[in-house]
Every structure is written in C-alpha cells, then in structure tokens.
Amino acid sequence: MTDGAESEAWPIAELIETARLRLEPLHVEHAAEMATVLDDERLHEFTGGRPATAAELRSRYARLAAGRSPDGTQGWLNWVVRDRGSGVALGTVQATLWRNGSLTAELAWVIAATYQGQGYAKEAAAGMVGWLLGHGVLGLVAHVHPDHVASGRVARGLGLRPTEVIEDGEVRWVR
C-alpha cells in the first residue's frame, strides 16, 4: 500500500437489523423505488431543492456505490431503510466518513413524510451509529436546520449536542 488517504480502505456497508427495521446497503437498483418513496416536496422544507427523479437517483446512486469519493478522502456508506415486517421502503440513512486523526462520520437521515413521527428515523440512525461505532468510527457529526425540531430530537437521541457552528444555515451537532 501507498501512503495517503487512498491507501486506507473504508468500511463497506452491510445489512443492519433493528427491532423494526432492516437497513439494506444502497444499490443503483433502488433508484426507481426510492424516487417514489422520496417524491414529496415536504422532505425539502428545511434543505431546499426538490425531489429527485428516478434517473437522477440512478446517477447519484451509481456514484455512491463506489463507496468513496473520487480522491479517496471520504468513505460513503448509504442504506435503504425498510420495515422488517412488510419490506416497505421508508427512507434512507447515510454516513460520510473521513479521517482527522480518527475515523469520523457525518450522519444524515430521511424518512418519507408518510412514515414520520413513528420513531423510524431515530431507530434507523441509531442502528447505523451502532454499526459505525463497531467499525472504528469515533466521531459523529450531523447538520440540522435550527427549525427542524424532529431532526434535532433524532440527533439528541444519538448523543449528539448542538454547537455554535452554523454551516449553510444548519447547526453542527457533534458527539
């Protein structure tokens, strides 16, 4: 191996199961299904933008499937969140990894508006965090819009605490 960021392998997403959920590693083939699940303007209330089309998600998922940034400085882990009983897709969770003396993950979660308010985001994110901690991640970061109360609750439930740092209008939370 050579020196530098590209020489160290990143963890690879694996199936994660929680009490009610199954987190499946994301694949390009999930794009059509997820375009339907995430096709809701309400999911962009705090982040801006619009729902992605199936073609846009296919393109994005193809890039994410590499598991790392083109320059090797970040690892990319993405999962589709499914109800274990029905198999219905509920949303996604993701972790962007980087090394800054230790392995750190920036977390994100999105649950379809239809399924919000049922604890799925917290359960899925907690399942992902448990997996990350078991794979050498020591630092956790999330960025949450200050008005997004539900995501703030998820972040707090993961043991993250808000900082004074604001990036792109979102509060940086850390653990």
Side-chain angles (χ1 to χ4, degrees), residues 1-16 18 21 23-31 34-35 37-38 43-44 46-81 89 91-111 121-122 124-145 148 151-152 154-175:
M1 278 193 182
T2 60
D3 292 332
E6 294 186 54
S7 67
E8 296 185 62
W10 296 105
I12 297 171
E14 300 170 331
L15 179 68
I16 300 169
T18 68
L21 304 174
L23 281 57
E24 293 177 0
L26 183 75
H27 296 287
V28 174
E29 296 77 20
H30 288 117
M34 294 312 298
V37 171
L38 302 175
L43 298 177
H44 299 272
F46 297 104
T47 59
R50 59 167 179 72
T53 65
E56 290 167 336
L57 285 180
R58 259 191 306 283
S59 178
R60 182 182 309 156
Y61 292 178
R63 285 190 309 277
L64 294 174
R68 58 174 235 156
S69 61
D71 66 2
T73 60
Q74 295 179 341
W76 297 336
L77 300 168
N78 296 269
W79 290 268
V80 170
V81 178
T92 62
V93 291
Q94 69 181 50
T96 301
L97 307 178
W98 74 92
R99 293 182 175 91
N100 59 348
S102 64
L103 196 53
T104 300
E106 179 160 350
L107 313 174
W109 48 87
V110 61
I111 297 296
K122 183 177 178 182
M128 174 180 61
V129 165
W131 186 91
L132 291 167
L133 296 175
H135 286 80
V137 172
L138 298 178
L140 301 174
V141 176
H143 289 87
V144 177
H145 190 283
H148 199 315
S151 279
V154 171
R156 198 169 300 284
L158 297 173
L160 280 73
R161 298 290 173 252
T163 68
E164 299 296 319
V165 177
I166 305 289
E167 296 176 20
D168 296 325
E170 296 182 322
V171 176
R172 181 180 176 94
W173 291 62
V174 299
R175 174 171 134 182

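Each residue takes its place number in the sequence, starting with 1.
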Asks: Starting at CG of Asn78, measure out to CZ of Arg63 and round the result to the nearest 0.5 Å.
Replies: 11.0 Å
Asks: Using side-chain heavy atoms (C-beta onward) and a distance below 4.5 Å, is Val174 in contact with Arg161?
Replies: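 Not touching, per the 4.5 Å side-chain cut-off.
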Asks: Find the distance between CG (Leu140) and CG (Leu103) and round it off to the nearest 0.5 Å.
Replies: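 Leu140 CG to Leu103 CG: 10.0 Å, rounded to 0.5 Å.
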Asks: Checking side-chain contact (heavy atoms from CB on, under 4.5 Å) against Val81, which of Leu21, Val110, Ile16, Thr18 comes through?
Replies: Leu21
Asks: If we ignore hydrogens and angles and just use 3.5 Å, is the side chain of Trp10 paired with the main-chain N or O of Trp98 as donor and acceptor?
Replies: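 Flag not set: sc Trp10 to bb Trp98 has no pair under 3.5 Å.
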Asks: Is there side-chain contact between Leu132 and Leu107, with heavy atoms separated by less than 4.5 Å?
Replies: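 Sidechains of Leu107 and Leu132: in contact.
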Asks: Is Thr163 reaching over with its side chain to a backbone N or O of Arg172, donor-acceptor style, under 3.5 angstrom?
Replies: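 A pair under 3.5 Å: yes.
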Asks: Rounded to the nearest 0.5 Å, what separates atom OG1 in Thr73 from atom CG in Leu97?
Replies: 11.0 Å
Asks: Taking the side chain as C-beta and beyond, is there a heavy-atom pair between Leu64 and Leu26 under 4.5 Å?
Replies: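 A side-chain contact exists here, since the closest heavy-atom pair is under 4.5 Å.
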Asks: Please report the shortest heavy-atom distance between Ala125 and Val93, naming the atom on each side.
Replies: N-CG1, 4.2 Å
Asks: Can you give me the closest heavy-atom contact between Pro11 and His135, atom names plus distance?
Replies: CG-O, 4.1 Å
Asks: Could you tell me which non-hydrogen atom of Ala31 sits nearest to which non-hydrogen atom of Ala54, and how far apart they are?
Replies: CB-O, 3.8 Å
Asks: Of the non-hydrogen atoms in Leu77 and Ile12, which two are nearest, and what is the gap between them?
Replies: CD2-C, 3.8 Å
Asks: Specify the closest pair of heavy atoms between Val171 and Pro162, including all atoms of both residues, with the distance to one decimal.
Replies: CG1-CB, 3.9 Å
Asks: Go through the steps to decide whether His143 and Asp168 satisfy the test side chain to side chain contact (heavy atoms under 4.5 Å, CB included), and finish with yes or no.
Replies: CA-CA 9 Å; His143 289 87; Asp168 296 325; over 6 Å; no
Asks: Indicate the atoms forming the closest heavy-atom contact of Ala155 with Trp173, along with that distance.
Replies: CB-CE3, 3.5 Å
Asks: Determine whether Arg58 and Glu29 make a side-chain contact, defined as any pair of heavy atoms from C-beta on separated by less than 4.5 Å.
Replies: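 Result no, sub-4.5 Å side-chain heavy-atom pair not found.
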Asks: With rounding to the nearest 0.5 angstrom, report the CG to CZ distance, Leu43 to Arg50.
Replies: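 With rounding to 0.5 Å, CG (Leu43) is 13.5 Å from CZ (Arg50).
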Asks: Just verifying a value: how many Å separate Trp76 CH2 and Thr96 OG1, rounded to the nearest 0.5 Å?
Replies: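 It is 8.0 Å, given to the nearest 0.5 Å.
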Asks: Can you tell me how far apart CZ (Arg60) and OG1 (Thr53) are? Round to the nearest 0.5 Å.
Replies: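 The OG1 atom of Thr53 is 9.0 Å from CZ of Arg60, to the nearest 0.5 Å.
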Asks: I would like to know whether His30 and Thr92 meet side chain to side chain contact (heavy atoms under 4.5 Å, CB included); could you show each step before the answer?
Replies: CA-CA 11 Å; His30 288 117; Thr92 62; over 6 Å; no
